[in-house]
2 protein chains.
Amino acid sequence: MRLRDENKELAIREKALEMIVKEGFDGLSMQKLAKAAGVSPATIYIYFKDRDDLIMQIFETENARMADITLDGFDPEMHFEEGLRIQWMNRARYCLENPERMHFMEQIRYSPFHERLQGASKSTFIHAMRTWAQHAIARGELVPLPMEVYWSVAFAPLYQLVKFHMSRQGLPGSKKFTLDEPIMNQTLELVIKALTP
Amino acid sequence: MRLRDENKELAIREKALEMIVKEGFDGLSMQKLAKAAGVSPATIYIYFKDRDDLIMQIFETENARMADITLDGFDPEMHFEEGLRIQWMNRARYCLENPERMHFMEQIRYSPFHERLQGASKSTFIHAMRTWAQHAIARGELVPLPMEVYWSVAFAPLYQLVKFHMSRQGLPGSKKFTLDEPIMNQTLELVIKALTP
DNA sequence: CAAAAATAAACGAACGTTCTTTTATTATCC
DNA sequence: GGATAATAAAAGAACGTTCGTTTATTTTTG
């Protein structure tokens, strides 16, 4: 029996992600992907059921990677401000060090694929975030809010900053925008001001 | 000479938008679109140069519509809080009344199409926003900030709320989330707290 | 009737996927 | 321990279909 060459699967995954980011979903064709990854089209179907399965599997992998990085050094028992700061740093690190993967995730998130994947998301991650917020509220470090309101204020500004950074031009008419640590801290202070009693 | 039937062009645009929202970019085929719009495939090419041109023209139209609604009742000379409140209401109104169009815009915004369209965006809109913010800073109603930081805190939370609303489920594990006026005001208050001195 | 809109039909190219064959690797046997 | 059978990976070529677009023709209307 012949063993699978895991480099092949990896090459397929990486090239597929790259093609989607560069050319969008209609830019990902199985034959072009096979050529780019240096395999036969049929080989792709050894590792993945079909085109959709390929895309979904890549998404799952990236989702897990993102969750891992986000929770690095984080503890749900942390004080609110410390936890928020760690999460911002972790998320920013992921986004800035993996711009291509980040772009892929966003493209999925706003495509019809996403609703097919909603249920599969890691609930342990969400659970950790939820208990952390609840503890912070109980300790009086965070104003009591519906989770969605809290989440929107706490993290959406960060992702908007990342988007400005990745578009390499900020708002039209501005000079180029770079998301550095002073900018991030400045924004984080505003968010903390909004969320602490 | 025969005149163009503007209903045909409209039908093409509407059906194209609908198909992209429902099935993504690879779900938009010219032949299926022609059938859906009740015209011949060749007719589409009377109104649009090619597939890309069709998508871009729809985007331009929707962009203009969005900017119009956003600026409804808005004046760059307004006080900061009043201006922000009007903009939030306008944007929310657009998003909630046109979920399909909103979804289309987001799909474009996160696709490779978007970078081809960056330059074409309405600069009068951005200009109005910029002078409004600058006046507010001069009057001491708004803390001085880089435009990107300000924008991220001022509007990103609203769009995140809209996204929760449109996904019809909020955060995993929560009950269904509906963006109503109390929720919006509550979030807006937090944002104002962050941005005012 | 002139001219542009609108169509039906067709073009080659590219699509996702599969069929058939070959290649590489492990386990088995003498 | 070398030959060989067994098996799955991998490849190449091809499948029928659908793609975006165009051509040739007809229909409509100023």
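Note on naming: letters A, B, ... go to the chains in the order of the sequence lines (proteins, then strands), and numbering restarts at 1 for each one.
Shown for residues 36-46 of chain B: residues whose heavy atoms fall under 4.0 angstrom of DNA chain D, namely B:P41, B:A42, B:Y45. Within residues 5-31 of chain B, the residues having any heavy atom closer than 4.0 Å to DNA chain D are, in order of number, B:L28, B:S29, B:M30, B:Q31.
With sequence neighbours left out, the salt bridge (charged side-chain N to carboxylate O under 4.0 Å, His left out) criterion links A:K163 to no other residue. For B:M56, the side-chain contact (heavy atoms from CB on, under 4.5 Å) criterion is met by B:F113, B:R116, B:L117, not counting sequence neighbours. Every residue meeting the side-chain contact (heavy atoms from CB on, under 4.5 Å) condition with B:P144, not counting sequence neighbours, appears here in chain and number order: B:I137. Under the rule for a side-chain contact (heavy atoms from CB on, under 4.5 Å), the partners of B:E18 that lie at least two apart in sequence or sit in another chain are B:K15, B:K22, B:E100. Here B:E81 pairs with nothing under the side chain to side chain donor-acceptor pair (under 3.5 Å) rule; sequence neighbours left out. Remark: A:R65 engages A:E62 in a side chain to side chain donor-acceptor pair (under 3.5 Å) (not counting sequence neighbours). A search for ring pair (Phe, Tyr, Trp, His ring centres under 6.0 Å) contacts involving B:F48 returns nothing, not counting sequence neighbours. Not a single ring pair (Phe, Tyr, Trp, His ring centres under 6.0 Å) links A:Y45 to another residue, sequence neighbours left out.
The side-chain tip of A:R91 points at the ring of A:F155 from less than 6.0 angstrom away and within 45° of straight on.
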Dump every N/O contact between nucleotides 2-4 of chain C and the protein below 3.5 Å, one line per pair.
none

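For B:L3 and D:dT28, the CG to P distance is 15 Å, given to the nearest whole Å. One interatomic measurement links the two molecules: CZ of B:R51 to P of D:dC19, which rounds to 10 Å at whole-angstrom precision. Here the P atom of nucleotide C:dT17 and the CG atom of A:L54 are 10 Å apart, to the nearest Å. Between the CZ atom of A:F48 and the P atom of D:dA10 there is a distance of 12 Å, rounded to whole Å. Taking atom NZ on A:K35 and atom C1' on D:dA10, their separation rounds to 17 Å, with Å as the unit. For the pair B:L33 CG and D:dT18 C1', the interatomic distance rounds to 15 Å; values are reported in whole Å.
Nucleic acid contact for B:Y47: sugar-phosphate only, since backbone atoms but no base atoms lie under 4.0 Å from a heavy atom of the residue.
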Applying side-chain hydrogen bond (donor to acceptor under 3.5 Å, both in side chains) to B:N185 and B:E189, what does each step give before you reach the verdict? CA-CA 6 Å; B:N185 280 322; B:E189 293 310 321; over 6 Å; no
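Pairs of residues two or more places apart, or lying in two chains, that qualify as side-chain hydrogen bond (donor to acceptor under 3.5 Å, both in side chains) and include a residue from residues 4-14 of chain B are B:E9-B:R13, B:R13-B:T61, B:E14-B:R101.
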